[in-house]
Structure formats: structure tokens, C-alpha cells
Amino acid sequence: MKNILRFFKSLFSLFTSLDTLRFIKFNLDKNKGMRHSNSNSIVLIEYTTMQSVILVVSLLTRVLRKKYQSPKFIAYTFNGNYKYYPHVSMVYKSFGVEIRQFKIGDHIKALARKKLFEIIQLNLNNDDLVELKVDGLMIGDLIYDHHLRHHNVPTLSIKDKLYQETLREGLEQFFFFREYIGNNIKAIHVTHQCYFNAFPLRIAAENNIEVFGCNESVCQRFSSDRFWCEDERLEYHAIFNLLTFEQKKDGLKWAKNRIDKRWSGEVGVDMHYSKKSAFSEINRNIRVIKKSDKIKILIATHCFFDAPNGFGLNLFPDFYIWLSTLGDISNKTDYDWYIKTHPDFIPGNNEILNEILSKYPRIKLLDQNTSHKQIVHDGIDFVLTIHGTVGFEYAAMGITVINASLINPHIGYDFNIHPSSRKEYINLLLNLTDKVKIEISNNDIYEFYYMRHYYFNTSDWLIPKPEDIKYNRLMSPDIYAVYINSIKNNDLEMNRRLLVFNNFVFSGEKIMMNQGYS
């Protein structure tokens, strides 16, 4: 009954959403003369209902149709629910993509069960599980993060029956794609570089098949030496040094201006998804950090469920184990410990955090709305994060930040401390003194910010001035109308963007740059 209701609701939404109907007509007009493909070549598209990604995929198929001489486009899913959303199927069909439900055969299921049994017998710890390899390919992090996200749990254990079920499901999909992806697959598009979504990414990349990951903000290409995005973070400084004197000067000035806007309390500066500022004004009538001669440490938390290994492996396999380790260190040291969550902390996290803190009473929880400026004013000495934005935010306020990751965004600079191993990290925290504090160059911070948020920023490649559009509109059928209207209002500017995108798809480059349209 529920599925029947979904079906008719979907049809109703189609005929009441003028934006969706307009987008379907737009695609049909753009693809006039497109013939049914008889080619054996296939391009796999991960099925999604995210309108912003569907829009980008409609453009990608147009380019790949030329590149691979009219291949067959298949939007794949293991879930049959798409059948109850005919309006989504009509959108995909309007640009020549067939939706197909993949089904896992009995021989694949048997293979997965056999491998699951072997893995369970090994009694692996969390570090082993996150680095688990099958047939020589690392997939442990994908299954690990998928489990946390889909079950809203902060950590896992090989003895956990629920995790064993996730592991079995992951192995089934892995072995399925191992068998399915062959010579006739020319390219693949995925929505995520983490979770189960990335099994075809890694398998295809290992077989030198093109893998794209494109959305309204970024377009990139994955490969066997690039399973995750943002590896350009190591190149920031070297690339900046190649710029002209004027480019460097203007870049540093732009970055300082943007950071100053953040400090002023402006919401959404280069973080369009943010709803609250963490930089409200200082209240000089109160103290949130008590006066003492002790070393004062702030822990900046992360969302427990949100892909801890989504950009690569850190010094800890998940945020729960990291925080528990810090709790153990708090019991062995004579520091003043504080912890703060983000104002946008999503539901479910606070309960887990409170459970951890109940074991470690020496760590004081600050109000989530406490201003970072207030914390600095009151005398914090060190800030701890895995790979958070506090790495540059507190550095810009003169505070030493210690990262628990070698793939953090700031790894190419010396304005943070980057221990190279968990042992080194723990030893450092057990022996903190003022001598550990580092000299910080503001110019390095501005350089980092410019490279990350301007030079490598393509957030406006699809929609000009997306910051002027409410975030929820970009995640709804409204984005279809915004895009079509942008073409209508400035066809020349939009064609420049499409040319840059077209050149990227044909180029072999790992990431699309904004040079050429801005």
C-alpha cells in the first residue's frame, strides 16, 4: 500500500512541479536526434534522486556521448524503490539514461559468506578493519564508514552482529562489481568517494576505467592513485609560488578579507551550508575558560557518523576512539580540558558525546554556542582536531592546533602541528608545555585559505553566484529552473562554463579548475 501511495505521489509531484517538467523538455530539446544506442560500450551512472547531481549528470552524459561514440548509459541501483518514483525515471530518460536494478546472484552471496567467515576468524581490531583489503584492494574504510553512517553509531567491533551484517552486504556488493566491471565499461560516475558507493570507483580505477565524481560544486576524476579527493592540498604552496606577484598579493588580500568576515560573525562565508556563526562577539563580563596556571586544551569535535575516513585514513579509525583516547590522556595529565561541539551539530551526536564525557569528568563541555573568539580571549593554549576548519581558524588567532590526521586540509603548511603517528600524537599530548607552541605566519594562513577557497574553488561552475541562492533551493527541483534561467539570461557566460566542463571530461585532468569562465 505504501509503495502504491509513493507511486501516485510521484506522479502528482511531476505534474505539479513545473520546474521538473521544464527540465525534461529542456533535455529533450538538447538531445534531439539522439538515437537508441546499439553499442556494447556502457557508462555506469550511480542512481541518485539529488536534483543537483542529476542536473550535472545530464551534462556529463552529453559529453561522454561524444567521447565514447554513443555508449549505453545505465543508472544502477540495488534498491527497487525507484519504480515507485516514475517522475525521477522520466527525468533520467529525458537525457538517455536507463535505470536498472542490479541483483546479486547466489554465487556472489556464497563468496561473500565465505570471506565474511574468514574475516571474523581473524578477530581484527578497528585499525585492522578500517584497512581491510580483499583481493588486494582496500575496502575496509568504505564498509567501516558505511556502517557508522547508516546505523548512526559512533564505532564498531568485529564481534558486533550488526557490523557483521554490514560487512556481509559490503562484500556482496564488492564481489558483484568485481565481476560486473569489465572491458565494455568505459566510464563510471559516483556520488561519493566513501561508503558502499565507492566500490565501483576503486574497482574501476584499478582497471584504468575513467571514474568521475561531479556535483554542483566540483568535478573530479578518480584513479588508482587517487581514491579520495583533495590530494591537491599537498600542492598548495608549490602552486602558489608559481603565481605572479600581483596574483599573490591579490590572493592574500582576498583571503584576509574573507577570514575577517568570518570573525565578524557573518554566516555562511565560504560555507554556504552553515546556519550559525561560531564567531559571535566576546562577552567580557563572563569567563568560559577558568583562570589557572595549567595548560588549557580545547577539543573540537566532529560528527561521529559522517565518514571519518572520507578523505583518507587518519591516526584513529573513528572519532569515538579518538575522543576516548583523549579522555584517557585527560586522566593522566594535569591540564584544564574543554570540549566544544559545532553549533550545527546534528541530532544523535550529543547523546554519544555525553556518554563519553560521563567516563571522563575532567573534560568540561562548553555550550555549543560559545564563541571561538571568547575561548581565545579567555586563554586557551592548544586546540585538538582530526581535520577540522579550526586548524586555520584558531591558527589565525595565534593558537597552536594539533591535528590527528596526515590528510587534514592544512597538512601542506606549518601553522599546525601534524604528528606522524598515533604514538607520536599521544606522547606529544602527554608532555605539553609552552615550548610546544609554534610560531604562526598569518601569510601562510591567508595563502592556504586562498588556495582552498578560491584557486581550487569551482562552486560556481554550474550556477553563477550560488551564494546568492538559498542552499535548500540548490537541493530541490528549483535548481533546474535556476540553471535554465541562467542560460536564458546569459547564454555566453554559461557556454564558457560548459566549454570548461567539456574540456575537463576530455582532458584526463584529475580536477576541473575555474580558469576560463571566471
Side-chain angles (χ1 to χ4, degrees), residues 9-31 45-64 73 75 77 82 85-97 99 189-193 197 212-220 229 267-275 344 453 457-502 504-505 512 514 517-518:
K9 185 178 179 181
S10 172
L11 283 178
F12 179 76
S13 70
L14 174 63
F15 292 109
T16 56
S17 173
L18 295 179
D19 293 336
T20 301
L21 287 171
R22 190 179 173 197
F23 182 57
I24 290 173
K25 183 181 183 302
F26 174 81
N27 287 324
L28 292 173
D29 290 342
K30 287 290 182 181
N31 292 293
I45 306 289
E46 182 189 339
Y47 172 80
T48 180
T49 58
M50 291 187 289
Q51 289 88 353
S52 57
V53 178
I54 291 174
L55 172 56
V56 174
V57 167
S58 73
L59 305 179
L60 180 63
T61 56
R62 235 189 280 173
V63 183
L64 292 179
F73 292 96
T77 175
Y82 76 92
Y85 300 96
H87 73 291
V88 179
S89 298
M90 291 178 69
V91 171
Y92 275 97
K93 189 175 181 180
S94 71
F95 52 88
V97 176
I99 301 175
H189 179 271
V190 297
T191 63
H192 290 74
Q193 63 192 9
N197 311 61
F212 295 95
C214 299
N215 57 42
E216 76 284 355
S217 300
V218 63
C219 292
Q220 54 196 323
C229 67
V267 178
V269 179
D270 302 313
M271 298 170 66
H272 61 285
Y273 53 83
S274 183
K275 298 176 182 178
D344 290 335
H453 293 284
N457 177 21
T458 54
S459 62
D460 63 342
W461 85 266
L462 184 66
I463 304 292
K465 297 184 178 180
E467 67 274 10
D468 294 341
I469 303 168
K470 288 185 177 180
Y471 182 65
N472 60 348
R473 287 194 68 201
L474 296 176
M475 300 297 141
S476 76
D478 286 2
I479 194 172
Y480 300 148
V482 171
Y483 180 75
I484 295 170
N485 289 338
S486 296
I487 294 175
K488 183 178 179 180
N489 295 333
N490 196 332
D491 187 53
L492 182 62
E493 181 179 344
M494 295 303 289
N495 280 337
R496 280 202 300 266
R497 284 168 159 74
L498 282 177
L499 180 60
V500 171
F501 177 65
N502 187 90
F504 163 71
V505 174
M512 186 176 76
N514 67 10
Y517 69 81
S518 66

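What you are looking at is a predicted structure, and each value in this text was computed from that prediction instead of being measured. Just so you know, these numbers use all the heavy atoms, side chains as well, and skip hydrogens, waters and symmetry mates.
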Engineer: Parallel, tilted or perpendicular for Phe212 and Phe504, by the 30°/60° rule?
Structural biologist: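 Judged by the thresholds at 30° and 60°, the geometry between Phe212 and Phe504 is perpendicular.
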Engineer: Which atom names give the shortest non-hydrogen contact between Pro477 and Asp19, and what distance separates them?
Structural biologist: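 Between these two residues, the closest heavy atoms are O-CB, 3.4 Å.
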Engineer: Do Phe23 and Ile479 come close enough that some side-chain heavy atom pair is under 4.5 Å?
Structural biologist: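 A side-chain contact under 4.5 Å is absent here.
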Engineer: Just wondering, do Val88 and Tyr82 contact through their side chains at under 4.5 Å, heavy atoms?
Structural biologist: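 No - every pair of side-chain heavy atoms lies 4.5 Å or more apart.
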Engineer: Can you see which heavy atom on Ile487 is nearest to which on Phe26, and at what distance?
Structural biologist: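 In this case the closest contact between Ile487 and Phe26 is CD1-CZ, 3.7 Å.
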Engineer: Go through it in stages, so that I can follow the logic: the residues are Leu55 and Gln51, the test is side-chain contact (heavy atoms from CB on, under 4.5 Å), and I'd like the CA-CA distance, side-chain angles, deciding distance and then a yes or no.
Structural biologist: CA-CA 6 Å; Leu55 172 56; Gln51 289 88 353; over 6 Å; no
Engineer: Could you grab the distance from atom CG of Asp478 to atom OG1 of Thr20, nearest 0.5 Å is fine?
Structural biologist: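 Separation between the atoms: 9.0 Å.
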Engineer: Under a 4.5 Å cut-off applied to non-hydrogen side-chain atoms, are His87 and Tyr85 in contact?
Structural biologist: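 Side chain of His87 against side chain of Tyr85, heavy atoms only: contact under 4.5 Å found.
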Engineer: Ignoring hydrogens and geometry beyond distance, is a side-chain donor-acceptor pair present between Asn27 and Arg62 at under 3.5 Å?
Structural biologist: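 Asn27 vs Arg62: no donor-acceptor pair found between side chains.
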Engineer: Between Arg497 (side chain only) and Asp460 (backbone N and O only), is there a donor and an acceptor less than 3.5 Å apart?
Structural biologist: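 Answer holds: yes.
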Engineer: Can you tell me how far OG1 of Thr191 sits from CG of Asn215, rounded to the nearest 0.5 angstrom?
Structural biologist: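 With rounding to 0.5 Å, CG (Asn215) is 9.5 Å from OG1 (Thr191).
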Engineer: Using side-chain contact (heavy atoms from CB on, under 4.5 Å), reason through Tyr483 and Asn485 one step at a time and then give a plain yes or no.
Structural biologist: CA-CA 5 Å; Tyr483 180 75; Asn485 289 338; over 6 Å; no
Engineer: CG of Asn502 to CG of Leu64: how many Å apart, nearest 0.5 Å?
Structural biologist: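 Rounded to the nearest 0.5 Å, the CG-CG separation comes to 9.5 Å.
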Engineer: When rounded to the nearest 0.5 angstrom, what distance separates OG1 in Thr48 from NE2 in His192?
Structural biologist: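 Answer rounded to 0.5 Å: 8.0 Å.
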Engineer: Measuring only between side-chain heavy atoms, which start at C-beta, is Tyr480 closer than 4.5 Å to Arg22?
Structural biologist: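 No - every pair of side-chain heavy atoms lies 4.5 Å or more apart.
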Engineer: Taking the side chain from Glu216 and the backbone from Ser52, do they hold a donor-acceptor pair closer than 3.5 Å?
Structural biologist: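 Pair absent, no side-chain N/O of Glu216 close to backbone of Ser52.
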Engineer: Would you say the side-chain atoms of Thr458 pair up with the backbone N or O of Ser217, donor to acceptor, closer than 3.5 Å?
Structural biologist: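 The answer is yes, because a donor-acceptor pair under 3.5 Å joins these two groups.
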Engineer: For residues Leu462 and Met494, report the shortest heavy-atom separation together with the two atoms involved.
Structural biologist: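 The pair with the smallest heavy-atom distance is O-CE, 3.3 Å.
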Engineer: Side chains of Cys214 and His189, heavy atoms from C-beta outward: is any pair under 4.5 Å?
Structural biologist: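 Side-chain contact under 4.5 Å: yes.
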Engineer: Is the shortest heavy-atom distance from the side chain of Val218 to the side chain of Trp461 under 4.5 Å?
Structural biologist: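 A side-chain contact is absent here, since even the closest heavy-atom pair is not under 4.5 Å.
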Engineer: Test your reading of the model: is there a side-chain donor-acceptor pair from Gln193 to the backbone of Cys229, 3.5 Å cut-off?
Structural biologist: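 Confirmed, Gln193 side chain pairs with Cys229 backbone.
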Engineer: Quick check: do Ile54 and Phe95 have side-chain heavy atoms less than 4.5 Å from each other?
Structural biologist: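 Sidechains of Phe95 and Ile54: in contact.
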Engineer: Under 6.0 Å between ring centres: does that hold for Phe73 and Tyr92?
Structural biologist: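 Centroid distance Phe73-Tyr92: not below 6.0 Å, so no.
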